[in-house]
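As the structure lists them, so they are numbered: ligands from 1, and atoms in each ligand from 1. Model, not experiment: these values are computed from the prediction.
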Amino acid sequence: MAVSIKKPDEIKKMRVVGRLTAQVLDMITPYVVPGTTTEELNQRCHDYIVSELNSIPAPLNYRGFPKSICTSVNHVICHGIPGEKRLKQGDIINIDVTLIKDGYHGDASRTFFAGKPSILGERVTRISKECLEKAIELVKPGLFLGDIGSAIQQHAENAGFSVVRKYCGHGIGKEFHEDPQVLHYGNPGTGLELQPGMTFTIEPMINTGKADTRLLGDGWTVITRDHGLSAQWEHTVLVTETGVEILTQSEHADNS
Ligand code: MF3
Ligand code: CO
Ligand code: CO
C-alpha cells in the first residue's frame, strides 16, 4: 500500500487523538509502583480511555490481542499482555497505548520505573529515550527513513546496546499500522524520502544484550532471547512543511 499524505482535516484529527494518547500515559504514571499488577494498569487505562476520553483502545481485539494496552516488563521487548503479575521494586515497564478517536489512531509508549531501577535498567531506558529524541529531531521533508534508522542504531550501539530488528515503527492514521515501515537501524540516504503530511511512529526497542527475539506461546509476548533487559519509547509524529510535529507530546514539561 502507498504511503498516505494526510489532508488538513485528517491532521486535525491526528492532533486530537495524539493529545489524548499522551493524556493516558500522563494519567497512569503515578500508578506505576511496586505491588501493582499490570492488569490493574490495563483496567485503569481502559476505563479512562472509554469513559473520560470517549475513545477506543485500539489494541483490544486487534488481531485477537486480549487487552487494552501493552505492558512489557524487564526482558519483555513489546506486546506484553497485562495480567496478575505484580510489579516489583526495580522493574522497568513499557506501557504502550493506542487510541482511536473520530476514526484516527494515536500511538505512544514510555518506559517507567517501579521504584528505583538498577543502573543498567536506568541506562537502557535513558538511551532508548535519547534514540527516539535524536531521531525526531532529524525529521523534516527530504530526510530519508534510513537517516532515522542510522541515527538510532549509532546511538544505541555506541552505548554498547543493540537495536531490535524484528519489530519497527509504522505509518499511522485511519489504520493502526500503515506503510511505511520505520526501521530503527539502517544507512543514511536510503529508503523512503519524507514529505509533508506523512504521519508515522518511531519506537526504538533497545536491548542490553543481543538483538535476538523470541515469541512466547501466547502468540504476543516478545522477549529477548538472552533475557537481557529491553526498553522502548514511542511517539506518533507528523512531517510538516518545515520539520516535525510530535502529535503525542505530553502537555506536562516533565513527561514526554
Ligand atoms: N502499539 C504497538 C505498536 O506500537 C502495537 C500493539 S499491537 C497489539 O505498534 F495488538 F499488541 F496491541
Ligand atoms: Co506503534
Ligand atoms: Co505502540
Side-chain angles (χ1 to χ4, degrees), residues 1 3-4 14 17-26 28 38-39 41-43 45-46 49-50 55-73 76-83 93-101 104-112 125 128-129 131-132 135-136 139 145 148-149 152 163-184 198-206 213-223 230-239 246-250 255-256:
M1 209 179 72
V3 175
S4 72
M14 291 293 291
V17 72
R19 185 169 353 102
L20 298 177
T21 303
Q23 280 176 27
V24 179
L25 289 165
D26 289 347
I28 203 66
T38 49
E39 173 54 25
L41 299 173
N42 174 68
Q43 197 54 241
C45 288
H46 178 92
I49 292 165
V50 171
S55 302
I56 299 166
L60 188 59
N61 302 320
Y62 176 78
R63 301 188 180 183
F65 190 78
K67 299 287 178 175
S68 296
I69 60 171
C70 297
T71 52
S72 302
V73 179
V76 179
I77 296 169
C78 62
H79 306 164
I81 303 172
I93 172 178
N94 175 275
I95 300 182
D96 193 333
V97 172
T98 312
L99 264 63
I100 308 170
K101 177 81 172 177
Y104 286 81
H105 290 73
D107 188 8
S109 80
R110 301 178 195 156
T111 296
F112 299 87
T125 300
S128 63
K129 184 166 190 254
C131 283
L132 174 59
I136 291 174
V139 172
L145 282 181
I148 291 178
I152 291 168
V163 176
V164 172
R165 292 174 180 245
K166 181 109 201 238
Y167 301 88
C168 57
H170 48 92
I172 182 167
K174 276 194 190 140
E175 303 291 331
F176 194 160
H177 296 105
E178 301 183 353
D179 281 345
Q181 294 196 51
V182 179
L183 304 184
H184 303 116
M198 290 179 176
T199 52
F200 56 87
T201 73
I202 307 175
E203 47 182 299
M205 287 147 271
I206 306 302
T213 66
R214 187 158 80 82
L215 181 64
L216 294 189
D218 61 21
W220 282 104
T221 310
V222 180
I223 66 168
S230 188
Q232 179 180 28
W233 292 72
E234 174 176 26
H235 271 309
T236 299
V237 303
L238 164 72
V239 184
I246 304 174
L247 298 174
T248 47
Q249 185 73 262
S250 171
N255 289 332
S256 289

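To the nearest 0.5 Å, the span separating CD on Glu234 from CG on Asp96 amounts to 4.5 Å. Rounding to the nearest 0.5 Å gives a distance of 10.5 Å between CG of Leu215 and CD1 of Ile77. Going from atom CD1 of Ile28 over to atom CD1 of Ile95 covers 5.5 Å, rounded to the nearest 0.5 Å.
Within the 3.5 Å criterion, the main-chain N or O of His170 finds a donor-acceptor partner in the side chain of Thr201. Listed for the Asp179 side chain is a donor-acceptor partner under 3.5 Å among the backbone atoms of Met1.
Each of Pro59, Tyr62, Phe65, Cys70, His79, Asp96, Thr98, Asp107, His170, Phe176, His177, Glu203, Trp220, Glu234 has a non-hydrogen atom positioned under 4.0 Å from some atom of ligand 1.
Among pairs with a residue in residues 164-175, none fulfils salt bridge (Lys or Arg N to Asp or Glu O under 4.0 Å), at least two apart in sequence or across chains.
At a cut-off of 2.8 Å, His177 is not counted among the residues with an N, O or S atom near the Co ion (ligand 2).
Protein atoms that are N, O or S and lie under 2.8 Å from the Co ion (ligand 3) are these: Asp96 OD1, Asp96 OD2, Asp107 OD1, Glu234 OE1.
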Output a table of donor-acceptor pairs, distance under 3.5 Å, between side-chain atoms of residues 61-70 and any protein atom two or more places apart or on a different chain; print 'none' if there are none.
residue : atom : partner : partner atom : Å
Tyr62   : OH   : His177  : ND1          : 2.7
Lys67   : NZ   : Glu39   : OE1          : 2.9
Ser68   : OG   : His46   : ND1          : 2.7

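A ring-centre distance under 6.0 Å is not found for His184 and Tyr167.
A salt bridge between Arg110 and Asp26 is present, with a side-chain N of the basic residue lying under 4.0 Å from a carboxylate O of the acidic one.
Checked by atom type, the side-chain pair Asp107/Thr98 shows a donor-acceptor distance below 3.5 Å.
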